[in-house]
Undergrad: 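Take this structure first; my questions come after.
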2 protein chains.
Amino acid sequence: MSRAATVRDIAREAGVSTATVSRALNGDPRVHGTTASAVRAAADRLGYSVNRAARSLKTRSTRMVGVIAPDLATDFFMILADRLERELAAEGYDMLIASSRESAAEEERLLGLFPEHLVDGIVAIPATGESDHFRRAIARGTPLVLTDRAPGNPGADAVLVDNEGGAREAVRALAGLGYRRIGFVGGDLRLTTARERFEGYRTALAGLGIPPEPEFERFGPMHIDAGYGMMDELLALPNAPEAWFVVNADTHVGATNRLYKEPPERRERAALAAFDEMPWSPLLRFCRFAVEQPVGEMGRTAAGFILDRIEGRVGGRPRTARLPTRLIPH
Amino acid sequence: MSRAATVRDIAREAGVSTATVSRALNGDPRVHGTTASAVRAAADRLGYSVNRAARSLKTRSTRMVGVIAPDLATDFFMILADRLERELAAEGYDMLIASSRESAAEEERLLGLFPEHLVDGIVAIPATGESDHFRRAIARGTPLVLTDRAPGNPGADAVLVDNEGGAREAVRALAGLGYRRIGFVGGDLRLTTARERFEGYRTALAGLGIPPEPEFERFGPMHIDAGYGMMDELLALPNAPEAWFVVNADTHVGATNRLYKEPPERRERAALAAFDEMPWSPLLRFCRFAVEQPVGEMGRTAAGFILDRIEGRVGGRPRTARLPTRLIPH
DNA sequence: GCGGGTTTTGTAATCGATTACATTTTCCTC
DNA sequence: GAGGAAAATGTAATCGATTACAAAACCCGC
C-alpha cells in the first residue's frame, strides 16, 4: 500500500490550504458550503482517514475512555464494561479495554500507558487491594473512576454497590428457610467487595442471634477452583453447614460443582445464596437466592463520573456512588 | 496539573540534547552508560512518561493490536480475547478491545478508527455475514485476522474451528444414547459458525439414516431469549424431539431454561448436546455432551498470524487455520 | 602530538493535523 | 462605487518524539 493520504494531499487535490481542509472535515461553520463539499469529495477520492496520532498530539484529546479490568473472561466485569460502553457511545466516546491480569503491577503499567495520549480518562476495576498507583495516577492529573472495588482511599471517584447490605439480605433469606448452620464461601479479604460481603454475612448472623463459627468461614481467590476447594473443606467438617452464602458467580459455580458430588440425601437439603445474578444462576440446582447487582446503573453512573472529570465539570472532591442490590429468589 | 514533562525538559535538566534523551530512554547502545543513567534519573525526577501520540506519529507503530468483538458480554468472545492477550503480551504487544455491538456498520467504523495510528493490526470476530468492509480494510493495507467466523472470502487470514465436525460428533453421540428424534436449536445461517454447525447436524442425521425433519430445525439470533423461544416452539410440536443439538452457550442456557418448565416425565428423558464447553455446562441438568472449542490454540494461532502480518513476515496469500474441537461427555 | 578510526553527542528536519493570526473576498448600505 | 463589517481562506507555528546527518570527543599507535 502506498502512503496514506494526508490533509496536504487533499489540499492540493482540492486547490485549497490545509487549514481549510482541516476546518472543512471537522465541520467548522466558517468554511463555505461549496468549498466544504469539494474538500470532502477530494478526501473521499483519496480515501483519506485522519491520523489520530497527529490529531491528538495537537488537540490533547482523543474522545476515548480506557477501561482496565482484572480479567477479560469474568462475566461480571465484561457486563459492566458493556453497559459502560453503551453510555459512552451515546456521548460520542469510544471505549478501549485492556486487562490487568489481576496484577497491580500490570495495572500500574496500563495506568501509565493509557494516558499517554491514547485516552482522555480511565475507568478501572481494581485488581487488588493496592491503591498507591491509583493515587499517583490522580496526582498526575489522569481522570479516573474506580468501579466495583475501591481499595484504600485514593481520592478517586468510585461507583460501588451495597455489598454489605446485599450479603446481609441473602443470609437472612437463607435463615428464613430455616437454616442455622450457614457457611461462608468467600474471597480475599483485601478486596473491598469480599470484605464487605463478609461483614454482611457476620452482621446477618448477629442479627439472627447465631454465634459466628470461624470454621464455617472460608476465604480464597474468587475463582471456580477456589469455590470448589472451599466447599470441599466445609463439607468435610464434622458438623458441616447445610446452607452457604457464596461470594460471587465463579465461586458459585465451583461450590455447586462440589455439591454435586455429595450423596443425594445431603444434596437434598443443600441451599445456596450467591452474589451475582447470572443468566444461568436459576439453572444451578442449589441456588435459592441471588444478589443482583445494578450493572446498568453502575455503567451509567461511571460514565457520568468520568465524563464529568474529563470535561472538567466537577471539582477536586471525589464522589462516591453506592448503589443498592436486589435479592432474587429462585 | 502542570504540563507533562517532555524530552525537551529532560534534555535541559540533564544538560544534553533531545536526541540523546530519546536514545537513552530507548536503550540505544550508542549513548554512554554514565549519560544514560543521568538521563534516566532526570526523567524520573520529572515524572516523565512518553507521549505516544508523538512517538507513533513519527515511528508509525504502536505495538498494540486491536480486537473487535461483536459483544463484550459473550463468554466465548472474551475467553478468546483473554487467550489472545496472553500471547500478545508475551511478544511485547498490548491489546485493546472494542465492541462492534453486533453491527456491521459499527464494525466498519472501528475498522477505520483503529488503524488511525492507534494499533498496528486488528483481530476481529466478525459480527455479521457482511465482508465488504473487511475486504476494504485489507485493501487499505490494514493487517487483519478474522477469528471464529469468516464471512464471504475477504482474503484475510482466518482462525476457525471445525464446526461441521464438532456438531456432527455431538449429534452422533446423542444418537448413540438411543435418540432418533433430534431437534436443532440453531443460529442465523448467515453466520458461518451457525451454518457449519447446521451442516454437521444434517450430515450426522444422514449418516445415521435419519431423514431430516424441517420442523425440528429452528434458527434465530444466538442469544438466551432466542434459545428459549426455539425450544418453546420445538416442544410445542405434535411429535416433538426428545433430544436437541444446541448451537452455542447462550442458546444452551435459554433452551435449558425452557426445559425446566416441562413436566418431570418429559424432562426425565430430555438430553442436550451443546456447542461450547463452559464452566457451568456440566451443572446444567440436561446437558449430556459439550463441544469444546480449542480457545487457547485459537488465541495462539491468531496472535501468530497477526504478528506475522504486522512484522511483514508473510506474503499476500491469506492463511486459514481450521482447528479441531473435542467432544466432552457430562 | 598527529592522523585515522571509533564513540558519543548535537542540530535540525520530520511525522500530520490543528489553530492563532493575518489576509483576502464577499456583501451590504448609503 | 466607497467604506466597512462579516465571511472565507491562507500562512506558518505548534504539539513531542525520533532520526538522518553532522560534528565533536576520545583513543590508539607511532
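Per chain, numbering begins at 1; letters A, B, ... match sequence-line order.
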Undergrad: The side chain of A:Val31 is closest to which nucleotide in this list: D:dT9, D:dT18, C:dG16?
TA: D:dT9
Undergrad: Measure CG/B:Leu57 against P/C:dA17 and give the value in whole Å, please.
TA: 9 Å
Undergrad: Check whether any side-chain nitrogen or oxygen of B:Ser22 sits under 4.0 Å from OP1 or OP2 of D:dT18, and answer yes or no.
TA: yes
Undergrad: Considering heavy-atom distances to DNA chain C, does B:Ala36 or B:Ala54 have its closest nucleotide positioned more toward the 5' end?
TA: B:Ala36
Undergrad: To the nearest Å, give me how far apart CG (B:Asp28) and C1' (C:dT7) are.
TA: 12 Å
Undergrad: Would you tell me if any nitrogen or oxygen in the side chain of B:Thr18 comes within less than 4.0 Å of OP1 or OP2 on C:dT11?
TA: no
Undergrad: Measure from CG on A:Leu25 to P on C:dT18 and round the result to the nearest Å.
TA: 8 Å
Undergrad: Do the charged groups of A:Arg83 and A:Glu297 touch, with an N to O distance under 4.0 Å?
TA: no
Undergrad: For the side chain of B:Val16, starting at C-beta, report the closest nucleotide among D:dT18, C:dG10, C:dA17.
TA: C:dG10
Undergrad: To the nearest Å, how far apart are A:Asp9 CG and C:dC15 P?
TA: 11 Å
Undergrad: Side-chain N or O of A:Thr6 less than 4.0 angstrom from OP1 or OP2 on C:dG16?
TA: no
Undergrad: Within less than 4.0 Å of OP1 or OP2 of C:dT18, is there a side-chain N or O belonging to A:Arg55?
TA: yes
Undergrad: Only distances under 3.5 Å count here; give the side-chain donor-acceptor pairs of residues 65-77 of chain B to other protein atoms, sequence neighbours excluded, each with its distance to 0.1 Å.
TA:
from: B:Asp71; atom 1: OD1; to: B:Ala73; atom 2: N; distance (Å): 2.9
from: B:Asp71; atom 1: OD2; to: B:Thr74; atom 2: OG1; distance (Å): 2.9

Undergrad: Verify the contact: side-chain N or O of B:Thr20 to OP1 or OP2 of C:dT9, cut-off strictly under 4.0 Å; return yes or no.
TA: no
Undergrad: Expressed as a whole number of angstroms, how long is the span from B:Lys58:NZ to C:dA17:P?
TA: 15 Å
Undergrad: Would you say the side chains of A:Arg60 and A:Ser56 form a donor-acceptor pair under 3.5 Å?
TA: no
Undergrad: Let me know the distance between CZ of A:Arg60 and C1' of D:dG16, rounded to the nearest Å.
TA: 9 Å
Undergrad: Would you classify B:Val50 as touching base, sugar-phosphate or nothing, given that sugar-phosphate means primed atoms plus P, OP1 and OP2, and contacts are heavy atoms under 4.0 Å?
TA: sugar-phosphate
Undergrad: Summarise how protein sits on nucleotides 20-26 of chain C as a single string, 5' to 3': B when a protein heavy atom is under 4.0 Å from the base, S for sugar-phosphate-only contact, - for no contact.
TA: B------
Undergrad: Below 4.0 angstrom from OP1 or OP2 of C:dT18, is there any side-chain N or O of A:Asn26?
TA: yes
Undergrad: Taking 4.0 angstrom as the limit, do A:Asp28 and A:Arg23 come out as a salt bridge?
TA: no
Undergrad: Answer yes when A:Asp44 and A:Arg40 have at least one side-chain N-carboxylate O distance shorter than 4.0 Å, and no when they do not.
TA: no
Undergrad: Report the distance from atom CG of B:Asn51 to atom C1' of D:dT14, rounded to the nearest whole Å.
TA: 13 Å
Undergrad: State whether the side chain of B:Thr62 and the backbone N or O of B:Leu118 hold a donor-acceptor pair below 3.5 Å, judged by distance alone.
TA: yes
Undergrad: Is the distance from OP1 or OP2 of D:dG16 to the nearest side-chain N or O of B:Tyr48 less than 4.0 Å?
TA: no
Undergrad: Whole Å only: how far is the CZ atom of B:Arg8 from the P atom of C:dA12?
TA: 12 Å
Undergrad: Please say which of B:Asp157, B:Thr142, B:Asp120 ends up in a side-chain hydrogen bond (donor to acceptor under 3.5 Å, both in side chains) with B:Arg309.
TA: B:Asp157
Undergrad: Looking only at side-chain N and O atoms, does A:Thr59 come under 4.0 Å of OP1 or OP2 in C:dA17?
TA: no
Undergrad: State plainly whether the residues A:Glu107 and A:Arg101 are in salt-bridge range, i.e. N to O under 4.0 Å.
TA: no
